[in-house]
Amino acid sequence: MKTNIKVTETIKTVAVCVLLVSLVCLCTAYLFGFEKNKSPEFTDAKLASLREQSSKSVYSRYFDSYYALPYFIGVRSSDGKSRGMFSGYEQMNTLYADVSDYLSVLFGASGECTEVDGKQAQLLWNNAKSGDCIYIGYRTELPKNIICSMSFPDKMSDSISGEYISEMIIYPTGIPAIITSSDIYGNVTKTELYAFSAICRNPHGQYFVCKSDYTPKSVSDIYFNQERIFSYNMKDAVSFEFASSSDYLSSSGKLSDTTIIVDSITSKSAAFTYSLAGNPSAEASRIVGVFSLNFEKAASYKDSDGSVTYLEEGQNVKISSSGVVTYNVTGASGGVSLPSISGGASKDGYSPFDYVGASLILLSKLDICDSAKPYLSGIYKSGDSVTVTFGYAYDNLTLTDSEGADFIRFEFSSGMLISSSLRPVSAEGELKYKYIPQNRELEIHILMSEETGVLRPIYPINASGDVTYAEWQAFSAAVGGDGK
Amino acid sequence: MSWNNLKFFAIAVLLCLNVIFAVCVIHQYNTENYYSTEEIDSVSEILAKSKIYVSKNIMRAKKVTVPVYKRSFSQDALFEIAGEICRGFTLSQSDEIITAESGSEKWTFFYDYSFSYSRDDCPAPSVLLESSVLTELITTTDYETTFNRLAGEFLGIKRINQNAANSGARKTSVMLYRLFSSEQDGIYIAMFRQLIDGKATSNTFYLAYDGEKIISGEGTFAFLLPDTSQTADNTDLINLLFNEKRNLDAKTPGGDYKVQLISSVVYEYDVYYDTDGVCYYVPVCNLIYSDGTMHTYNLVDGKER
């Protein structure tokens with residue numbers, strides 16, 4: 001009997017315990033179950049960011065440094081010593097990659113760029129150029145993030161802001177960390193490691209100061225000092241100066257302070273011929289297809305000047321006998337959507353990245369560029385439309401035609417390509433110009449003569465924008481140069 | 001009250017509480033995982049105003065929660081897998097690509113998750129697609145079996161899944177998506193989708209097959225499989241259906257709707273890459289109509305693709 005009672009009591013105790021444990025489990029499941037209190041690790045904001053980055057990732061395959069390569073990079077010391085370089089893709093690329101160490105710090109996550117107004121900006125600019133500095137001049141004003149992504153897609157972070165800049169001076173800041181070292185002979189050397197900042201500007205007079213809280217601590221860090229910036233390998237380097245002031249430059253729509261070459265350039269001269277690339281008419285099917293027209297079904301007619309126009313409902317493509325390709329949307333059913341160009345998802349809004357990226361994809365598909373490389377010459381917004389333009393450069397020297405028109409133009413509206421014109425250019429010949437006088441504006445252009453088919457180096461000579469030619473070397477006659 | 005009676009009382013109270021909480025938990029589970037009949041009826045009624053009808057089985061099925069997967073890029077890991085796929089090939093790597101060559105065969109693995117393969121200088125599938133007169137074939141089960149096996153063997157799917165670089169990662173496979181044939185050349189060009197955990201992804205690639213062997217290939221395929229799972233707030237199916245109705249209403253301003261039946265709902269992954277090379281697999285939901293029309297919605301933000 002006693003045993004039965006004991007067993008019953010034990011069962012009751014066990015039952016109470018089991019029920020208690022069960023209750024706790026159920027309470028826990030009720031309160032915390034089904035992950036209802038767990039905040040998601042992957043959020044809408046992350047998705048939005050990924051969408052943006054993913055489209056850039058698609059575009060980055062088409063990015064190439066020559067689209068936004070500086071026309072000039074130079075280093076100067078406070079005592080007036082200077083070295084600069086402006087031609088040669090390979091050399092400029094290497095130099096630009098070296099200088100990008102500074103840009104990755106200043107434009108990266110630890111950097112901050114703020115606009116500076118008026119006299120303070122001018123003062124900062126003057127101070128920067130009067131000391132040890134690196135000067136970078138771009139051909140045109142472009143968003144900072146596009147310049148960097150185009151040039152260093154693997155090096156730069158995604159957080160670069162998009163201020164339009166055309167020139168930049170990188171200069172040392174703060175008190176340097178001093179590193180002392182001695183060699184086996186007991187010679188002691190001191191290395192001053194400066195932190196650095198940059199001041200950027202554009203032709204509209206906007207100035208931006210880019211700073212970072214980064215401080216170099218050892219010689220293996222990124223640091224600024226005179227020895228380091230003068231150690232860059234610059235083939236055929238020229239001396240240069242910052243022009244103090246010039247009415248001519250102001251009247252030509254540029255800032256009154258730019259870079260001029262001090263040296264006469266005699267080591268390299270240009271002798272070109274140029275020709276319109278191949279015969280795009282033979283590739284009409286491919287070109288028409290790039291603009292989403294069905295070559296087999298599109299109607300076509302030939303003009304008296306030899307150009308052929310391919311028509312489809314709402315859009316047409318015209319290919320001239322000289323290779324100029326023109327695309328126009330004429331009706332609501334026409335246009336090429338950005339997602340169909342990039343293969344990406346449609347978005348609520350498109351950024352300059354999307355328009356530039358889509359333009360690069362189209363350029364790549366059209367495959368009309370030869371030895372003359374296209375460079376990004378502008379991104380313009382007007383109302384609902386965004387226009388992306390490209391010029392040409394040969395060995396990093398800008399090519400300019402007699403009319404000054406854009407060589408390549410893509411116009412977008414509401415995420416659709418609505419018009420486009422492309423003039424293919426093929427430059428041939430060796431870069432061998434003989435003589436460019438001292439103290440001329442640095443932006444050396446090469447004028448293409450439609451009549452003679454010869455590219456000739458030019459430089460401006462007066463305030464009204466007149467230009468003159470550099471002298472030619474005698475040998476250039478073989479490829480069409482005429483010596484003057 | 002004696003100690004014995006107190007135990008009885010405690011058991012009774014605890015039993016009651018257990019029953020109450022069990023009911024609450026079951027109710028909560030059902031609420032979170034299934035739509036109630038009232039909800040289904042109410043949603044059906046609203047959708048019917050735009051003549052959208054949804055199969056009841058879709059609404060009654062358990063709600064699906066699909067995680068986001070991700071994988072960081074590693075050049076070394078890709079090199080290891082490239083070596084596994086291209087056994088006997090000479091491998092080399094640069095800042096942008098890994099190449100593997102053996103005789104007339106050449107593989108190129110790009111760091112943006114794309115690849116290309118050619119043999120005997122055969123043109124890439126994209127070139128063949130543009131230049132050849134092709135017929136699209138209906139992908140029958142026979143074709144699916146044959147070509148899925150071919151692609152699986154060609155890419156070495158088993159070895160990719162078992163490779164140490166993919167240890168602990170989700171499993172991959174391939175699915176024939178479209179098939180073209182050129183009667184003139186006797187070449188088949190097959191388009192495949194990469195599957196992760198049995199769900200299709202937006203990674204696609206093409207293989208050209210001459211009847212005996214794969215002669216060229218190109219496309220996007222994640223050889224580095226996702227190894228990290230992230231929780232995400234999946235948009236409710238009902239909200240997706242409401243988004244679908246809203247989109248249809250916007251496209252049909254006159255209210256001239258035609259009757260449409262959503263016959264199935266399929267979950268897949270869209271693949272995104274961030275600038276650091278991390279690959280994300282974000283779930284999407286395909287609403288498939290009985291006439292074959294498909295509208296795809298992102299499960300994280302509920303927006304149409």
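All of these numbers come straight from a predicted model, not from anything done at the bench. A, B, ... follow the sequence lines: proteins, then strands. Residue 1 opens every chain.
Contact check for B:Q194 versus B:M175: no side-chain heavy atoms found under the 4.5 Å cut-off. Counting heavy atoms from C-beta on, the side chains of B:P283 and B:Y267 never come closer than 4.5 Å.
Highest contact tally toward chain B, considering only A:T43, A:L23, A:D44, is held by A:L23 [criterion: heavy-atom pairs under 4.5 Å]. In terms of non-hydrogen atom pairs under 4.5 Å with chain B, the most contact-rich of A:C25, A:A15, A:C27 is A:C27.
For A:E163 against A:C113, the heavy-atom pair with the smallest separation is OE2-CB, 3.7 Å.
Looking at B:V282, the atoms closer than 4.5 Å to chain A (heavy atoms on both sides) all sit in the side chain, from C-beta outward. Proximity to chain A (any heavy atom under 4.5 Å) is restricted, for B:S229, to the backbone atoms N, CA, C and O.
In this structure a side-chain-to-backbone donor-acceptor pair under 3.5 Å is missing from A:N93 to A:S65.
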